[in-house]
Amino acid sequence: MTIDQPLDRPLAGGPPATTAATAATDRPSTSRSRVVMIGTGLTLAAATVAGLLAWLPWGERNEFSHEAIAPIRDTAWLGILLDGLAVGVLAITVSLATCLLAPGRGRRWAEVGAVVTIIGGLAFAMGAFARGALSWFATAEVVDAETGAAMLTLVQEEPGRLMIVAMAGFLLVSVGSLVLAGAWWRSRSVPRWLPIALVLVTLAQFTVFDGRALDVLQILVMLVYIAFAIVFMRRHPAP
């Protein structure tokens, strides 16, 4: 009796040999690629925010006058746009990474923190872009300085229409970060100093720090996120 069945054809009643082998090798690589993508996105987003805080392309913090914005209107618009996008990406990626690192212990903390952080990141991005676009148009050459200054003054006098969106987004990201830190602690998937550092620097933003000191403090927050991204890419998926 001869066997003329090709070697790569599955035996009757069994799964295709090549398909099973491919599935066995594809699953780990796909999972790893997703981890690298999330970790890289988080690292780049945090590094972008840190770089912008060091550069300050929008000028002095909380300075929204026509005289301050007009000379730097193009760089201010670009900087605010990048800042909003980076915070949005950061909120999404750190939430995804935390949920992946806390599938058991700390899962509820991760889920709640992810929802709050992502909503806050999107709100901040929307508010930041609105502010950047409005400040660019208000300082355009086709708009006289008096009218442009009146527009920017109105924005500050009616914060509920614009500024409150970015402010609420920043607050939600901060609260969500504290909840995510709880997930880091509960899951025991990262070094203990990481959640402690995140809680300390996040809460410190709401103390007496202001001006350049606050910029430095927020850069430290971004460095904590970068450290978390590195730990995430090294420890997930588990062997």
Side-chain angles (χ1 to χ4, degrees), residues 34-62 75 78-102 106 109-110 113-114 116-118 120-125 128 166-167 169-236:
R34 291 175 180 174
V35 168
V36 172
M37 180 179 65
I38 294 171
T40 302
L42 175 56
T43 302
L44 292 177
T48 298
V49 175
L52 290 171
L53 288 169
W55 175 28
L56 293 183
W58 45 74
E60 186 179 349
R61 178 181 290 271
N62 299 326
T75 56
L78 179 60
I80 293 173
L81 173 64
L82 292 176
D83 186 54
L85 286 174
V87 172
V89 172
L90 184 148
I92 294 172
T93 51
V94 73
S95 298
L96 290 174
T98 302
C99 288
L100 289 174
L101 282 178
W109 287 74
V116 175
T117 304
I118 290 175
L122 294 177
F124 181 87
M167 294 168 61
F170 175 78
L171 180 60
L172 287 175
V173 170
S174 300
V175 173
S177 298
L178 296 177
V179 181
L180 292 179
W184 298 359
W185 182 274
R186 291 273 298 166
S187 66
R188 299 179 182 177
S189 55
V190 300
R192 288 296 197 182
W193 66 267
L194 267 177
I196 295 174
L198 183 60
V199 169
L200 291 178
V201 294
T202 299
L203 292 178
Q205 296 176 99
F206 300 94
T207 57
V208 296
F209 291 96
D210 196 8
R212 200 55 178 159
L214 184 56
D215 294 331
V216 174
L217 190 60
Q218 291 179 344
I219 290 174
L220 294 178
V221 176
M222 295 303 113
L223 294 179
V224 173
Y225 282 130
I226 292 174
F228 170 74
I230 295 173
V231 173
F232 168 69
M233 288 188 286
R234 286 181 176 179
R235 297 195 175 188
H236 189 85

statement: V224 and A197 have their tightest heavy-atom pair at CG2-CB, 4.1 Å

Straight-line distance of L96 CG to L101 CG, nearest 0.5 Å: 11.0 Å

message: Nearest 0.5 angstrom please: L220 CG to L198 CG, how far?
response: 11.5 Å

Any side-chain heavy-atom pair of L203 and L178 under 4.5 Å: yes

- prompt: Which atoms form the tightest heavy-atom contact between A86 and V49, and what is the distance?
  reply: CB-CG2, 3.6 Å

- prompt: More than 12 heavy atoms of other residues, nucleotides or ligands under 6.0 Å from CZ of R61: is that the case?
  reply: yes

Close side-chain approach of D83 and F124, heavy atoms under 4.5 Å: yes

Closest contact, heavy atoms only, A54 versus R212: O-NH2, 2.9 Å

message: Contact between L90 and M222 at the side-chain level, heavy atoms closer than 4.5 Å - yes or no?
response: yes

- request: Evaluate the side chain to side chain contact (heavy atoms under 4.5 Å, CB included) criterion for residues L56 and W58: first the C-alpha distance (whole Å), next the side-chain angles of each, then the deciding distance (0.1 Å), finally the verdict.
  value: CA-CA 5 Å; L56 293 183; W58 45 74; 3.6 Å; yes

message: How close do G121 and A91 get, counting heavy atoms only, and between which atoms?
response: CA-CB, 3.8 Å

message: Is any side-chain heavy atom of F206 closer than 4.5 Å to one of L171?
response: yes

- prompt: Mind checking whether V179 and V116 have side chains closer than 4.5 Å, heavy atoms only?
  reply: no

- prompt: Are L42 and I38 close enough that some pair of their side-chain heavy atoms sits under 4.5 Å apart?
  reply: no

statement: Scanning both residues in full, the closest heavy-atom pair of W185 with P195 reads CE3-CG, 3.8 Å

message: Checking S177 against Y225: is there a side-chain donor and acceptor pair closer than 3.5 Å?
response: yes

task: Report yes if some heavy atom in the side chain of T43 is under 4.5 Å from a heavy atom in the side chain of M233; otherwise report no.
output: yes

- request: Taking all heavy atoms of P57 and all of G79, pick out the closest pair and write down the distance.
  value: CG-CA, 3.6 Å

query: Any side-chain heavy-atom pair from L180 and F228 closer than 4.5 angstrom?
result: no

query: Can you check side chain to side chain contact (heavy atoms under 4.5 Å, CB included) on T98 and W109, steps first, answer last?
result: CA-CA 9 Å; T98 302; W109 287 74; over 6 Å; no

